[in-house]
Amino acid sequence: LHGSVLSAAAGAAVAFGALPGKLNPFIQPLMSSVRRETDEPLQRRSARSLASLIKLCVGRVPSPVNKIAGNVVALACADPAETPRAEWDDAAMAVAAAAAAAHEGPTEAAIARRGAEACLLSLCDVFGDALFESVPRLWEAMSVPLTGVGADGAAASAVAGPSPPKQAVVDACQLLKRVGARVAEASEASDSDSVRRPFSEPVKRRVLALLEPAFAKATAKDADPATQRAASAALAALAAAAPDSVVPHMLTLVVPALENAGEADDASGARRGAAAVAFELVERLGPVLAPFCVLLLVPLMGRMSDPADL
């Protein structure tokens, strides 16, 4: 109760639109509510207040925007039932999912992820087309591990090494699944709290440009099961958000990869990853994918006799 009162007071102060020099008395209760509040409406309200606080902090020197956004991103990717650990195999991911399902009510990690995702979606609503310019940490976390290119256009490997950590790739796919899909939504949508207005086409194209790098991560010859699952889920979320523009493009990538008949590791990795993407597309889109089934049916039937372990 004490935490709920503090977060409500902080939210009311943020709503006034003027903040003092010291922000910790506002940031800490809101972050705590986003992370731990079990009452979902209260948690969503704190998430919206935190997003509004971040907007008020844009332009401050020094600015806490990237630090707050980084903490929110970490919470959004910390639930192992939703964001697998990079070193896990299929059996470990199944165990994590079963443990979460057997838990009475949502786990602490699931509560924190729910609040963080609500904050990320609120940031989309608060900033609109200025999202990635105003909160650069969000774009970096979602794009750099997939593309290897920093926000300034320079190769990220110059700082971070030749390749990003595998867990960073999994986390980037999780962000693409939630934030990217929200940005790519084809039309105006609404939820219980607000009307979500669509992003402009240039911003959508910027996000959809991550589709091919994510597919490349899913179909790489050394792709681990966690990366394949996370990338496939992200691609399916993008397809569900904007099926008319994404599904045809996705099929131009999936079908040739499924039909790659080579015996080398890169060919079998491509087939394995493409099969995972196709599975997620069917699971997520359902009947929406029916007009394209004829294109997927023959390649998928061919993979049933594939000597590689798909």
Side-chain angles (χ1 to χ4, degrees), residues 31 34-35 47 50-51 54 65-90 92-93 96-97 100 107-124 131-132 135-151 156-157 159-184 206-220 222-238 241 273 276-277 280:
M31 279 297 302
V34 166
R35 178 182 294 150
L50 185 60
I54 290 174
V65 168
N66 276 341
K67 183 176 180 181
I68 299 173
N71 290 335
V72 172
V73 166
L75 290 178
C77 300
D79 182 5
E82 182 73 16
T83 309
R85 303 302 92 189
E87 66 273 12
W88 286 359
D89 57 14
D90 290 320
M93 287 187 283
T107 63
E108 290 183 5
I111 291 172
R113 173 179 56 80
R114 183 183 67 192
E117 289 181 347
C119 184
L120 292 174
L121 297 181
S122 293
L123 286 173
C124 294
L131 174 65
F132 299 126
V135 192
R137 177 71 183 87
L138 183 55
W139 176 254
E140 290 169 5
M142 187 170 69
S143 70
V144 172
L146 296 177
T147 64
V149 178
S157 59
V159 177
S163 61
K166 289 185 176 182
Q167 189 60 51
V169 175
V170 174
D171 293 350
C173 291
Q174 179 66 18
L175 291 175
L176 185 60
K177 175 182 173 182
R178 298 299 294 155
V179 178
R182 166 65 184 92
V183 173
R206 186 179 182 186
V207 167
L208 292 179
L210 299 177
L211 188 151
E212 291 190 20
F215 184 80
K217 295 295 183 183
T219 55
D222 58 347
D224 51 79
T227 300
Q228 282 187 341
R229 180 169 298 187
S232 298
L235 293 170
L238 290 176
V277 173
E280 290 291 345

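Sequential numbering from 1 along the given sequence is applied to the chain's residues.
From R178, atom CZ reaches atom CG of L121 across 5.0 Å, with rounding to the nearest 0.5 Å. If you take CG on L238 and CG on L176, they are separated by 4.5 Å, rounding to the nearest 0.5 Å. Taken to the nearest 0.5 Å, the CG atom of D79 stands 5.0 Å off from the OG1 atom of T107. Once rounded to the nearest 0.5 Å, the distance linking CD1 of I111 with CZ of R113 reads 10.5 Å. Rounded to the nearest 0.5 Å, atoms CG (N71) and CG (L75) are 7.0 Å apart.
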Problem set entry | CA sep, side-chain torsions, deciding dist, call: W139, V207, side chain to side chain contact (heavy atoms under 4.5 Å, CB included) | CA-CA 9 Å; W139 176 254; V207 167; 4.3 Å; yes

Exercise. Given D224 and D89, is the side chain to side chain contact (heavy atoms under 4.5 Å, CB included) satisfied, shown in steps?
Worked result: CA-CA 7 Å; D224 51 79; D89 57 14; over 6 Å; no

For this session: Take L235 and E280 through the side chain to side chain contact (heavy atoms under 4.5 Å, CB included) test and state the conclusion after the steps.
Result: CA-CA 8 Å; L235 293 170; E280 290 291 345; over 6 Å; no

For this session: Under the side chain to side chain contact (heavy atoms under 4.5 Å, CB included) rule, what do L50 and L123 come out as? Steps first, then yes or no, please.
Result: CA-CA 9 Å; L50 185 60; L123 286 173; over 6 Å; no

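Between E117 and R182 there is no salt bridge, since no side-chain nitrogen of the basic residue lies less than 4.0 Å from a carboxylate oxygen of the acidic one.
Here the closest non-hydrogen pair linking A69 and V135 is CB-CG1, 3.5 Å. A100 and A81 get closest at one heavy-atom pair: CB-CB, 3.6 Å. When every heavy atom of V179 is checked against every heavy atom of C124, the shortest pair comes out as CG1-SG, 4.0 Å. Counting all heavy atoms, side chain and backbone alike, A237 lies closest to K177 at CB-O, 3.6 Å. For the residue pair S122 and A51, the shortest heavy atom distance occurs at CB-CB, 3.7 Å. Minimum interatomic distance between A184 and L208 (heavy atoms only, all atoms of both residues): CB-CD2, 4.0 Å.
Two residues are said to be in side-chain contact when any heavy atoms from C-beta on lie closer than 4.5 Å; V72 and M31 meet this criterion. By the 4.5 Å heavy-atom criterion applied to side chains, C173 and K217 are not counted as neighbours. Here the side chains of C77 and L175 are in contact, with some heavy-atom distance below 4.5 Å. Looking only at side-chain heavy atoms (C-beta outward), T83 and D171 come within less than 4.5 Å of each other. In this structure, the side chains of E82 and R114 stay at 4.5 Å or more apart for every pair of heavy atoms.
Heavy atoms of other residues, nucleotides or ligands lying less than 6.0 angstrom from CD of E108 number 12 at most.
Formation of a donor-acceptor pair under 3.5 Å by the Q167 side chain with backbone atoms of A86 is found in this model. Listed for the N66 side chain is a donor-acceptor partner under 3.5 Å among the backbone atoms of R137. Under the 3.5 Å distance criterion, the side-chain polar atoms of S232 are matched with a main-chain donor or acceptor of Q228.
A cation-pi arrangement is absent between R229 and W88 under the rule of less than 6.0 angstrom and at most 45 degrees off the ring axis.
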